[in-house]
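All values below come from the heavy atoms of this structure, side chains included, with hydrogens, waters and symmetry mates left out. In this chain, residues are counted from 1 in sequence order. Please read these numbers as outputs of a predicted model, since none were measured by experiment. Just so you know, ligand 1 is whichever comes first in the structure, and atom 1 is the first atom listed for that ligand.
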Amino acid sequence: MTDFENHPTAAEVLEGVDLTGRTALVTGGYSGIGPATVAALSKAGARVLVPARRPDEARSVLADVERVEVGEMDLSDQGSVAAYAQTLVDDGTHVDIVINSAGIMATPEIRTPEGWELQFATNHLGHYALVNRLWPLLDGGARVVSVSSGGHHLGDIRWDDPWFTLGYDKWEAYGQSKTANALFAVHLDEVGKMHGVRAFSLHPGAILTPLGRHLQAEDLDKVMVYDEQGELVLPPFKTPEQGAATSVWAATASGLDEHGGRYLEDVAVAVAAPDVVVRAAENIGVKDYAQDPAAAARLWAWSAQLTGVDAFAQKSA
Ligand SMILES: NC(=O)c1ccc[n+]([C@@H]2O[C@H](COP(=O)([O-])OP(=O)(O)OC[C@H]3O[C@@H](n4cnc5c(N)ncnc54)[C@H](OP(=O)(O)O)[C@@H]3O)[C@@H](O)[C@H]2O)c1
């Protein structure tokens with residue numbers, strides 16, 4: 001399936017790929033693995049749209065990257081997502097690649113004005129609404145890439161208490177949102193493939209980025225493992241350029257169509273996760289619950305109800 005050994009960079013994955021005339025959109029394109037994702041797409045010739053909740057910061061970070069257009073969008077604010085998407089719909093440009101890289105992790109308990117838990121609202125519902133609103137621009141051959149995480153091992157969708165009314169757990173909330181990212185790709189691929197739109201989710205690897213800004217000392221136990229000499233054993237950290245590799249591979253690799261909807265890892269289709277409880281640092285592979293088509297359809301229907309958007313409401317009825 002893949003010719004890449006070890007951990008290639010995004011630029012290496014895109015060597016020989018010509019994206020001239022193509023338009024890509026990368027959420028979170030100005031922090032962590034985002035700038036490397038944007039730079040690699042741009043280097044391959046693409047125009048890259050970067051919606052940002054801090055547009056000035058995005059412009060500054062991406063100042064040296066060609067063909068980048070920064071917009072304003074806060075994923076936790078459905079009105080902001082709708083307004084940004086509308087500017088693109090009004091513009092009418094076909095969007096060939098969407099990489100949903102933005103995310104937050106292990107935040108304190110915060111609610112949106114709707115009462116939604118913030119990690120689910122940002123990581124899943126914001127991206128759900130964005131892609132559905134952009135659907136008229138994607139129809140006919142686009143790829144949508146959902147940056148999930150090995151953190152999906154930390155939690156399935158909590159169908160009985162998705163909003164943590166019985167007590168908040170920041171890691172379970174992150175896990176739920178990352179499982180949602182994977183299930184989103186499963187259902188989008190199912191309904192999108194008849195229009196030539198394919199979707200994938202992925203774990204980018206472990207990369208030291210500002211994503212960890214909410215971590216406390218005790219959390220490091222969950223995400224890092226040391227040996228008796230105090231040397232870091234897990235996780236094997238990647239550079240941001242290596243962390244961006246699976247995203248651009250998912251967005252462009254021609255041989256991937258037969259794996260539509262699947263969860264990817266290390267520039268390959270992920271294996272099934274071992275059925276044991278492990279620490280986040282050891283999470284490899286994909287849990288069955290994050291690839292389940294019935295759960296994906298259920299999540300889609302619920303997300304449509306919450307956000308009031310569903311590009312496929314009539315087509316898939
Ligand atoms: N780093 C890792 O080890 C790792 C491992 C597994 C999965 N992931 C996943 O990879 C993705 C990227 O992570 P990263 O490490 O690159 O994180 P990062 O450096 O923190 O970047 C996240 C980006 O998301 C943006 N963002 C957050 N909330 C937003 C909102 N409400 N509206 C719009 N944009 C928002 C951030 O904007 P601001 O800068 O303005 O906050 C930032 O640009 C995430 O989805 C994460 O779950 C990362």
Side-chain angles (χ1 to χ4, degrees), residues 7 10 25-38 49-62 70-81 83-85 99-107 110 112 116-127 129-130 145-154 170-171 173-182 184-185 201-215 219-220 222-224 234-247 250 263-266 270 280-281 283-284 286 290:
H7 296 308
L25 183 152
V26 182
T27 70
Y30 58 107
S31 179
I33 62 176
T37 309
V38 172
L49 311 175
V50 180
R53 66 171 166 175
R54 294 186 298 144
D56 290 342
E57 173 69 9
R59 281 187 201 99
S60 154
V61 168
L62 300 169
V70 172
E72 185 162 4
M73 184 186 73
D74 182 340
L75 282 164
S76 69
D77 175 348
Q78 289 283 319
S80 169
V81 172
Y84 176 72
I99 298 181
N100 290 327
S101 191
I104 51 175
M105 179 176 80
T107 60
I110 300 172
T112 66
W116 303 339
E117 186 281 316
L118 188 67
Q119 297 187 69
F120 190 79
T122 304
N123 298 351
H124 170 60
L125 290 173
H127 285 127
L130 177 66
V145 179
S146 190
V147 181
S148 175
S149 169
H152 81 271
H153 289 224
L154 300 170
K170 65 187 179 185
W171 285 112
Y174 183 62
Q176 170 171 254
S177 74
K178 291 288 130 179
T179 293
N181 287 159
F184 170 71
S201 68
L202 62 93
H203 172 55
I207 308 100
L208 288 168
T209 71
L211 186 69
R213 62 171 69 81
H214 298 291
L215 298 188
D219 295 319
L220 297 182
K222 259 194 181 310
V223 291
M224 293 188 191
L234 285 169
F237 281 109
K238 293 180 180 177
T239 65
E241 289 74 20
Q242 292 170 325
T246 307
S247 295
Y263 174 100
L264 316 175
E265 188 168 24
D266 289 336
N283 288 341
I284 48 158
V286 61

Pairing residues for Ala173 by the side-chain contact (heavy atoms from CB on, under 4.5 Å) criterion, not counting sequence neighbours:
Glu117, Gln119, Phe164, Tyr168
Give the minimum heavy-atom separation between Ser247 and Thr37, together with the two atoms involved.
CB-CG2, 4.4 Å
Any nitrogen or oxygen of Gly103 lying under 3.5 Å from a nitrogen or oxygen in ligand 1? Just yes or no.
yes
Quick one: look up the protein heavy atom nearest atom 39 (O) of ligand 1 and list residue, atom name and how far away it is.
Arg54 NH2, 2.9 Å
Check each heavy atom of Val147 against ligand 1 and say whether those closer than 4.0 Å belong to the side chain, the backbone, both or neither.
both
Just to confirm my output: which protein heavy-atom neighbour is closest to atom 5 (C) of ligand 1, and how far is it?
Gly205 O, 3.0 Å
Minimum heavy-atom distance Ala290-His152, with the two atoms named
CB-CD2, 3.7 Å
Would one find an N or O of Leu211, backbone or side chain, under 3.5 Å from an N or O of ligand 1?
yes
What residues, two or more places apart in sequence or in another chain, satisfy side chain to side chain donor-acceptor pair (under 3.5 Å) together with Ser76?
Asp74
Near Ala206 (heavy-atom distance under 4.0 Å), the atoms of ligand 1 are 3 (O)
Residue pair Lys178, Asn123: steps toward the side chain to side chain contact (heavy atoms under 4.5 Å, CB included) verdict:
CA-CA 7 Å; Lys178 291 288 130 179; Asn123 298 351; 3.8 Å; yes
Donor-acceptor pair, side chain of Glu57 and main chain of Ser31, under 3.5 angstrom
no
Heavy atom of the protein closest to atom 45 (O) of ligand 1 (residue, atom name, distance)
Lys178 NZ, 2.8 Å
Close N or O approach (Ala52, ligand 1; < 3.5 Å)
no
Write out the residue and atom name of the closest protein heavy atom to atom 37 (O) of ligand 1, then the distance separating them to 0.1 Å.
Tyr30 OH, 2.9 Å
Between Ala58 and ligand 1, which part of the residue brings a heavy atom under 4.0 Å of the ligand: side chain, backbone, both or neither?
neither
Quick one: does ligand 1 sit under 4.0 Å from the side chain of His203, the backbone, both or neither, non-hydrogen atoms only?
side chain
Per-atom contacts, ligand 1 versus Ser31 - under 4.0 Å to a heavy atom:
16 (O), 18 (P), 19 (O), 21 (O), 42 (C), 43 (O)
pair Val145-Asn100: side-chain heavy atoms closer than 4.5 Å:
no
Any atom of ligand 1 sitting under 4.0 Å from a heavy atom of Phe237?
no
Please write down residue, atom name and distance for the protein heavy atom closest to atom 23 (C) of ligand 1.
Gly28 CA, 3.7 Å
Does Ile104, backbone or side chain, put an N or O under 3.5 Å from an N or O of ligand 1?
no
How are the rings of His124 and Phe120 set relative to one another: parallel (under 30°), tilted (30 to 60°) or perpendicular (over 60°)?
tilted
Where is the tightest heavy-atom contact between Val61 and Pro35, given as atom of each residue plus distance?
CG1-CG, 3.9 Å
Atoms in ligand 1 with a heavy atom of Ser76 nearer than 4.0 Å:
31 (N)
Could you give the distance from OG (Ser149) to CE (Met105), rounded to the nearest 0.5 Å?
8.0 Å
Derivation of the side chain to side chain contact (heavy atoms under 4.5 Å, CB included) call for Tyr174 and Leu211:
CA-CA 12 Å; Tyr174 183 62; Leu211 186 69; 4.0 Å; yes
What protein heavy atom lies closest to atom 14 (P) of ligand 1? Include the residue and the distance to one decimal.
Thr209 OG1, 3.6 Å
Tell me the protein heavy atom at minimum distance from atom 41 (O) of ligand 1, and give that distance in Å.
Arg53 NH2, 2.8 Å
So, for Ala52 and Val70, which heavy atoms are closest and what is the spacing to 0.1 Å?
CB-CG1, 4.4 Å
Any N or O on Thr122 sitting closer than 3.5 Å to an N or O of ligand 1?
no
Does the Ser146 side chain pair with the main chain of Asn181, one donor and one acceptor, at a distance under 3.5 Å?
yes
For atom 3 (O) of ligand 1, the closest protein heavy atom turns out to be Ile207 N, 2.8 Å
Against heavy atoms of Met73, which atoms of ligand 1 measure under 4.0 Å?
32 (N), 33 (C)
For Ser149, the ligand 1 atoms with a heavy-atom partner under 4.0 Å come out as 6 (C), 7 (C)
Give the atoms of ligand 1, by number and element, whose distance to some non-hydrogen atom of Ile33 is under 4.0 Å.
10 (O), 12 (C), 16 (O)
At less than 4.0 angstrom from any non-hydrogen atom of Asp74, what atoms of ligand 1 do you find?
30 (C), 31 (N), 32 (N)
I'd like to know if the side chain of Asp266 and the backbone of His7 have a donor-acceptor N/O pair within less than 3.5 Å.
no
Note: Tyr84, heavy atoms under 4.0 Å from ligand 1, region reported as neither
So Met73 and Thr27, side chain to side chain contact (heavy atoms under 4.5 Å, CB included) or not? Walk me through it.
CA-CA 9 Å; Met73 184 186 73; Thr27 70; 4.1 Å; yes
